[in-house]
Amino acid sequence: MKKLLLIVFSTMIFYSSHAQEICAFDKNQARLENANPAIKQARLEAEAKLMAMDIQKFLREKGNGYNAGKAETIYEIPVVVHLMNDGATPLRTDAEIITWINNCNKFYDTTFGGDWYSVAQGGTVIPFKLVLAKRSPSCTATTGINQINVTATYPAYHLKGLNSDNTDGVSPDQARALSRWDPQSYYNIYVVNTFDSVPVSQTGGLQGYASFPTNPDASFDTFMKAYVVVDSNDPTTLPHEFGHSLGLNHPFKTGSVTACPTVSAGGCATDNDLVCDTPSTKSLLGVNPLPVNGSVNPCDAAGWNNVQYNVMNYTSSSRLFTQGQKDRGTAMFLANRMGLTTSLGGTPPPTTSQTLVAASCLPNTTNTTTGNFQFGPTLVKIGTINNASEGSNSNNANKTYYDYSLLVCSNTKYSTDLIVNQNPQTITLACSANDNIFNVYIDFNNDGAFSESTEKVITDFSVTANTQNSATFTIPSTGVTLNTPLRMRVTGGDSSYTSCANNIEYGQVEDYMVTVKTSPTLAASNYSNNSNTISIFPNPSKDGVFSIKFADNTAKDVKVAVVDMAGRIVYQTKGAANNSILNVNSKLAKGSYLVKVTTGSTSATEKLIIK
């Protein structure tokens, strides 16, 4: 929200156009948390976990480039831009949106130029890249830009715009209802004509706001004024707002234009923006000229240390992020929004798509008792399925049934292969505020129904609140449809709900896609290195963490299988290669393995040694 280029304005003009707060992140977050205390609780719990963890170890375990000889991971985040038009005429052209997104990425990789600091000048790479969606949730090709005629539904939008501080125009939820893609697979960006009835011709005032990564899916997104897309004087609104969605705060969070941030006994790790290399500062809204590093910072004896140029500040010359902001933002995002990094939304759709036989029965639409009880699965993990979600609460309207099998085209985390000769299979389940009882079914004969006697693989499995527990099952040797996508159903709640229960009071039902195969297709004894399409490094790996480098820089949708010398698949994952590199954290024991990598119809194999 900050001026990147040092352009001379008269003091009068600068102050008059910036009299109002230009980012409503703090105000919007406070409003959400006051309306639903569970949102605040989720944020505080995430902050506590971040405080307790070894961040560098966590990032390494997530495949981030913190090992010597290991590549820096750049996480590609598919975005969809909803142009909330006043009538049929687009607020902005596709070309303007594309340039806007590209400029944001240049800020993050420090290559924008001008006053923006490169790495050599002290800037820090933020390891995220926004990519306009290329496939829609329904698996069709898209530009990632949606044109929405808002005034056709809400005529007041023409003059009143989007509500932030008033109720004259269109509410955020009304805008979301007009166009929204799965927040687990796409970051939703809403571009609006104006906020709070401010005349559209007025470019100053509120520019936008975003939401914290721990927020419910229903409120995880960003809203920005159309002017910021083309504002060459203030081109860092999008990097700033997505910074909030990474988990970054303003460096004056607990301060103001006139007051310094509060100080606590816990020090910088618990104060203000929770980052130790951004000195405390008042809001610099309207300050021109900016203080220089050698001058006194009234809020921090350590001085300014470039905080007056920080992207997350209000400043007339935005130039950099810090290493502390990078570490915090990356860890917070990966801990709470990891699914966006496994999304396939930024890749072209496949020529064919997989579908399941329709389910013969569905549960009741919403829980028979509503409220913030948080029953239902918050994690389902088996093979490459790794889906974290919310329990039943008022934010999701106590919705009972989620068919994630419909979303396999847009994200790798909703489907998996299960190998018969790898029995027993292990599934990990979790819940939040209350103990849950889980049942799991697989439609082995692919008839759309779930047999209680032959297709119920997990029965009455109890999981304690706020814990993860694993259970095992065996795929039967007969009566199973092989090499065909099958429906897996998980029920979780206060009672032992069956697959077709239609009276669920407290709980949820989730469907996924699994494909049962008899055995791995790779035999260690037949291995020969005959491919130059991939390379693995570091190799040997000291802890099972390694990177796969692709010769083809278009490689995206990647499947990885690690096989031991007995020919058993001991690790599987799926992912999207970023900058031709996929980082893998297998957590395997010392030994020799074969790594089979499949992209589309092409496969390659390399030997891996773990020391």
Side-chain angles (χ1 to χ4, degrees), residues 20-33 35-36 39 78-94 96-97 100-101 130 132-133 136-137 142-200 202 205-213 215-229 237-238 240-242 244-245 345 394-397 399:
Q20 180 185 347
E21 200 84 357
I22 55 180
C23 171
F25 165 72
D26 292 318
K27 185 181 296 182
N28 178 66
Q29 191 66 28
R31 183 163 47 234
L32 290 171
E33 293 181 0
N36 186 352
I39 297 179
V79 302
V80 54
V81 177
H82 308 278
L83 288 176
M84 309 306 284
N85 299 323
D86 177 8
T89 303
L91 284 173
R92 292 288 170 247
T93 67
D94 285 9
E96 289 170 336
I97 295 296
W100 185 47
I101 298 294
L130 305 186
L132 283 166
S136 71
T142 179
T143 62
I145 302 171
N146 290 340
Q147 305 285 351
I148 309 299
N149 184 344
V150 181
T151 48
T153 305
Y154 301 107
Y157 180 74
H158 172 62
L159 295 176
K160 306 299 184 180
L162 191 86
N163 299 333
S164 176
D165 282 338
N166 64 22
T167 58
D168 295 343
V170 176
S171 73
D173 283 342
Q174 288 173 325
R176 291 172 178 130
L178 294 175
S179 185
R180 191 165 184 80
W181 289 7
D182 176 22
Q184 290 287 322
S185 297
Y186 304 89
Y187 184 68
N188 289 269
I189 300 173
Y190 293 88
V191 176
V192 302
N193 61 347
T194 190
F195 290 101
D196 294 332
S197 304
V198 172
V200 175
Q202 183 174 324
L206 177 61
Q207 303 296 293
Y209 62 87
S211 53
F212 206 70
N215 280 15
D217 285 352
S219 59
F220 180 68
D221 47 31
T222 183
F223 290 85
M224 279 173 279
K225 199 171 184 176
Y227 178 70
V228 307
V229 175
T237 300
L238 178 55
H240 175 103
E241 296 303 343
F242 188 69
H244 287 312
S245 289
S394 58
N395 282 312
N396 53 39
K399 181 178 175 181

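What you see below is based on every heavy atom in this structure, not just the backbone, and it leaves out hydrogens, waters and symmetry mates.
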Chemist: Could you check whether any side-chain heavy atom of Arg92 comes within less than 4.5 Å of a side-chain heavy atom of Val228, counting everything from C-beta outward?
Modeler: no
Chemist: Decide yes or no for Met224 and Trp100: does some side-chain heavy atom of the first lie under 4.5 Å from some side-chain heavy atom of the second?
Modeler: yes
Chemist: So how far is it from Ile148 CD1 to Leu91 CG, rounded to the nearest 0.5 Å?
Modeler: 11.0 Å
Chemist: How long is the straight-line distance from CD of Glu96 back to CG of Leu83, given to the nearest 0.5 Å?
Modeler: 9.5 Å
Chemist: What is the distance from atom CG of Asp217 to atom CG of Asn395, rounded to the nearest 0.5 Å?
Modeler: 10.0 Å
Chemist: Within this structure, what is the OG1-NZ distance for the pair Thr167 and Lys160, rounded to the nearest 0.5 Å?
Modeler: 10.0 Å
Chemist: If you take all heavy atoms of Val80 and His82, which pair is closest and at what distance?
Modeler: CG1-NE2, 3.5 Å
Chemist: Test side-chain contact (heavy atoms from CB on, under 4.5 Å) on Leu178 and Thr153; report intermediate values, then the result.
Modeler: CA-CA 9 Å; Leu178 294 175; Thr153 305; 3.9 Å; yes
Chemist: State, yes or no, whether a side-chain contact exists between Phe223 and Arg176 at a heavy-atom distance under 4.5 Å.
Modeler: yes
Chemist: Please examine the side chains of Leu162 and Tyr190, heavy atoms only from C-beta on, and report whether any two atoms are closer than 4.5 Å.
Modeler: no
Chemist: Can you name the salt bridge (Lys or Arg N to Asp or Glu O under 4.0 Å) partners of Lys27, sequence neighbours left out?
Modeler: Asp165
Chemist: Side-chain contact, heavy-atom cut-off 4.5 Å: Ile97 with Thr143?
Modeler: no
Chemist: Taking the inter-plane angle between the rings of Phe195 and Tyr209 on a 0 to 90° scale, is it parallel (under 30°), tilted (30 to 60°) or perpendicular (over 60°)?
Modeler: tilted
Chemist: Does Tyr157 have any ring-ring contact (aromatic ring centres under 6.0 Å, His included) partners at least two apart in sequence or in another chain, and if so, which?
Modeler: none
Chemist: Assess the residue pair Leu238 and Leu130 against the criterion (side-chain contact (heavy atoms from CB on, under 4.5 Å)); give the C-alpha distance rounded to whole Å, side-chain angles, the decisive distance to 0.1 Å, and a yes or no.
Modeler: CA-CA 10 Å; Leu238 178 55; Leu130 305 186; 4.2 Å; yes
Chemist: Do Pro183 and Asn188 make a side-chain contact, defined as non-hydrogen atoms from C-beta onward lying under 4.5 Å apart?
Modeler: yes
Chemist: Do Gln202 side-chain atoms and Pro199 backbone N/O form a donor-acceptor pair below 3.5 Å?
Modeler: no
Chemist: Between the main-chain N or O of Pro213 and the side-chain N or O of Ser245, is there a donor-acceptor pair closer than 3.5 Å?
Modeler: no
Chemist: Drop me the distance from Asn85's CG to Thr89's OG1, to the nearest 0.5 angstrom.
Modeler: 7.5 Å
Chemist: Does some side-chain heavy atom of Tyr187 sit less than 4.5 Å from a side-chain heavy atom of Thr222?
Modeler: yes
Chemist: Val79 vs Phe242, test: side-chain contact (heavy atoms from CB on, under 4.5 Å). Steps then yes/no.
Modeler: CA-CA 11 Å; Val79 302; Phe242 188 69; 5.9 Å; no
Chemist: Which pair of heavy atoms, one from Ala226 and one from Val191, lies closest together, and at what distance?
Modeler: CA-CG1, 3.5 Å
Chemist: Test side-chain contact (heavy atoms from CB on, under 4.5 Å) on Thr194 and Lys225; report intermediate values, then the result.
Modeler: CA-CA 6 Å; Thr194 190; Lys225 199 171 184 176; 4.0 Å; yes
Chemist: Shortest non-hydrogen contact from Ser164 to Ala24?
Modeler: OG-CB, 4.1 Å
Chemist: Looking at every non-hydrogen atom in both residues, tell me the closest pair between Asp168 and Asn163 and how far apart they are.
Modeler: N-OD1, 3.4 Å
Chemist: Shortest non-hydrogen contact from Ala210 to Asn28?
Modeler: O-ND2, 4.1 Å
Chemist: Taking C-beta and beyond as the side chain, do Asn193 and His158 meet within less than 4.5 Å on heavy atoms?
Modeler: no
Chemist: At their closest point, which heavy atom of Ser136 faces which heavy atom of Tyr186, and how far apart are they?
Modeler: C-OH, 3.1 Å
Chemist: What distance do Asn149 atom CG and Met84 atom CE have between them, rounded to the nearest 0.5 Å?
Modeler: 10.0 Å
Chemist: Would you call the rings of His244 and Phe25 parallel, tilted or perpendicular if under 30° counts as parallel and over 60° as perpendicular?
Modeler: parallel
Chemist: Would Asn215 and Gln29 count as a side chain to side chain donor-acceptor pair (under 3.5 Å) if you check the C-alpha gap in whole Å, the side-chain angles of each, and the deciding distance to 0.1 Å?
Modeler: CA-CA 9 Å; Asn215 280 15; Gln29 191 66 28; 2.8 Å; yes
